[in-house]
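Atom set for the values below is all heavy atoms of this structure, side chains included, hydrogens, waters and symmetry mates excluded. Here, residue 1 is the first one in the sequence, and each next residue gets the next number.
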Amino acid sequence: MKNKLFILLIAYIAFFIYSCKKSNDVEPTEETPATQALSFRFNPMVSNAPLNFSSSFKTNSGQKYTLSMFRYYVSNIRLIKTDGTIVPLTGKYLLVTPSHDEYSIGQVPTGDYKSISFAVGIDSVTNHKDPTIYPTTNPLAIQSPAIHWSWNSGYIFTMIEGSCDTTVTDNDTLKFGQYSHGMFFHIGTDKLYRTVDLNYAFNVGTSSKVITIKTDINKFFTNINLKTENSSHTMGSLPLATKAANNISSMFSIIP
């Protein structure tokens with residue numbers, strides 16, 4: 001009986017030592033930071049008026065125009081924390097259209113942030129991939145109407161279409177919701193990729209966060225004379241396309 005108890009005691013001690021050793025062998029792990037859902041709501045406007053495809057507008061210099069299409073790509077989204085830490089949203093591409101105003105950005109670390117950065121356009125590597133490789137639900141897939149020239153020319157980063165009054169006396173009559181002269185800007189190519197930086201202090205806390213971003217289309221037309229500068233496919237009219245692309249960064253602002 002004593003031998004049996006002795007054996008059990010030895011087994012218990014051995015098990016205890018083994019358990020302690022295994023416990024000590026476990027490497028400490030860092031606690032996974034808390035995350036929360038973030039969305040961007042893009043609010044298209046013409047100055048302070050909501051975008052309406054059945055209305056006419058005036059540029060800040062007084063030139064009349066209408067809009068029938070407004071789309072653009074957003075990519076390279078980065079959130080900058082108050083301590084300077086950059087949170088990149090790698091691989092996130094948005095095709096922003098007036099018919100769909102809110103876009104999920106994904107799960108981001110909670111905490112305090114001081115600014116947002118994103119690009120209007122597609123990075124050079126992705127820009128020259130074949131859009132047919134993507135599933136139809138992907139914003140980089142073939143779209144209808146098309147927003148891609150061909151696989152080696154790349155995507156149209158910003159597409160604006162409508163009509164404008166090109167008369168000297170500004171007396172063009174609006175018919176069927178359009179002026180008599182067509183207007184279009186199809187801005188793309190690697191060199192017209194533009195970055196937007198928005199200073200905005202915000203907190204991602206215990207509930208989902210939505211950030212509303214105003215897009216002022218009138219700022220796209222800054223220093224552009226629609227009477228003579230009203231069409232660009234980028235290639236063939238690069239100076240006008242560059243002028244328009246240089247206005248893109250100023251189009252965006254945060255609506256608190």
(request) Start with the C-alpha gap between Asn43 and Thr212, add the side-chain angles, then the distance that decides, and say whether side-chain hydrogen bond (donor to acceptor under 3.5 Å, both in side chains) holds. (result) CA-CA 7 Å; Asn43 193 354; Thr212 302; over 6 Å; no
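- Salt-bridge annotation for Lys129 and Asp123: absent, with no side-chain N of the basic residue lying under 4.0 Å from a carboxylate O of the acidic one.
- Put simply, the side chain of Ile213 reaches to within 4.5 Å of the side chain of Ile254, judged on heavy atoms.
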(message) With side chain to side chain contact (heavy atoms under 4.5 Å, CB included) as the criterion, how do Ser253 and Asp216 come out once you've worked through the C-alpha distance, each side chain's angles and the decisive distance to 0.1 Å?
(response) CA-CA 8 Å; Ser253 59; Asp216 184 354; over 6 Å; no
(request) Could you walk me through whether Ser47 and Asn218 pass the side-chain hydrogen bond (donor to acceptor under 3.5 Å, both in side chains) test, one step at a time? (result) CA-CA 6 Å; Ser47 292; Asn218 255 1; 3.0 Å; yes
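- A donor-acceptor pair shorter than 3.5 Å can be found between the side chains of Asp190 and Ser124.
- At most 12 non-hydrogen atoms from other residues, nucleotides or ligands lie less than 6.0 angstrom from CG of Asn48.
- A 4.5 Å side-chain heavy-atom check between Val46 and Asn52 finds every atom pair outside the cut-off.
- A 4.5 Å side-chain heavy-atom check between Lys64 and Ser56 finds every atom pair outside the cut-off.
- Among pairs with a residue in residues 232-246, those fulfilling side-chain hydrogen bond (donor to acceptor under 3.5 Å, both in side chains) read His186-His233, Arg194-Asn246, Glu229-Lys243, Ser232-Ser237, at least two apart in sequence or across chains.
- With a 4.5 Å cut-off on side-chain heavy atoms, Leu192 and Leu238 count as touching.
- A donor-acceptor pair shorter than 3.5 Å can be found between the side chains of Asp197 and Ser117.
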(request) Give the C-alpha distance, both sets of side-chain angles, the deciding distance and a yes or no for side chain to side chain contact (heavy atoms under 4.5 Å, CB included) between Ile156 and Trp149. (result) CA-CA 7 Å; Ile156 300 172; Trp149 284 303; 3.5 Å; yes
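- Using a 4.5 Å cut-off on side-chain heavy atoms (C-beta onward), Phe220 and Ile248 make contact.
- Phe202 meets the ring pair (Phe, Tyr, Trp, His ring centres under 6.0 Å) test with Tyr113, Tyr200; sequence neighbours excluded.
- For Phe252 and Tyr72, the gap between ring centers is short of 6.0 Å.
- Counting non-hydrogen atoms of neighbouring residues, nucleotides and ligands closer than 6.0 angstrom, the NZ atom of Lys209 exceeds 12 such neighbours.
- For Tyr155 (side chain) and Leu140 (main-chain N/O), a donor-acceptor pair under 3.5 Å exists by modelled atom type.
- For the pair Thr132/Ile142, a side-chain contact is recorded, criterion being any heavy-atom separation below 4.5 Å from C-beta on.
- Inter-residue side-chain proximity for Ile122 and Tyr193 is flagged as unmet; no heavy-atom pair is nearer than 4.5 Å.
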Pairs under 3.5 angstrom only: tabulate donor-acceptor contacts from the side chains of residues 73-81 to other protein residues two or more places apart or in another chain.
{"unit_1": "Tyr73", "atom_1": "OH", "unit_2": "Pro139", "atom_2": "O", "d": "2.7"}
{"unit_1": "Ser75", "atom_1": "OG", "unit_2": "Gly121", "atom_2": "O", "d": "2.7"}
{"unit_1": "Lys81", "atom_1": "NZ", "unit_2": "Thr110", "atom_2": "O", "d": "3.2"}

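- Side chains of Phe221 and Asn60 form no contact here, defined as non-hydrogen atoms less than 4.5 Å apart.
- Considering OG1 of Thr59 and CG of Asn223, their distance stands at 10.5 Å, rounded to 0.5 Å.
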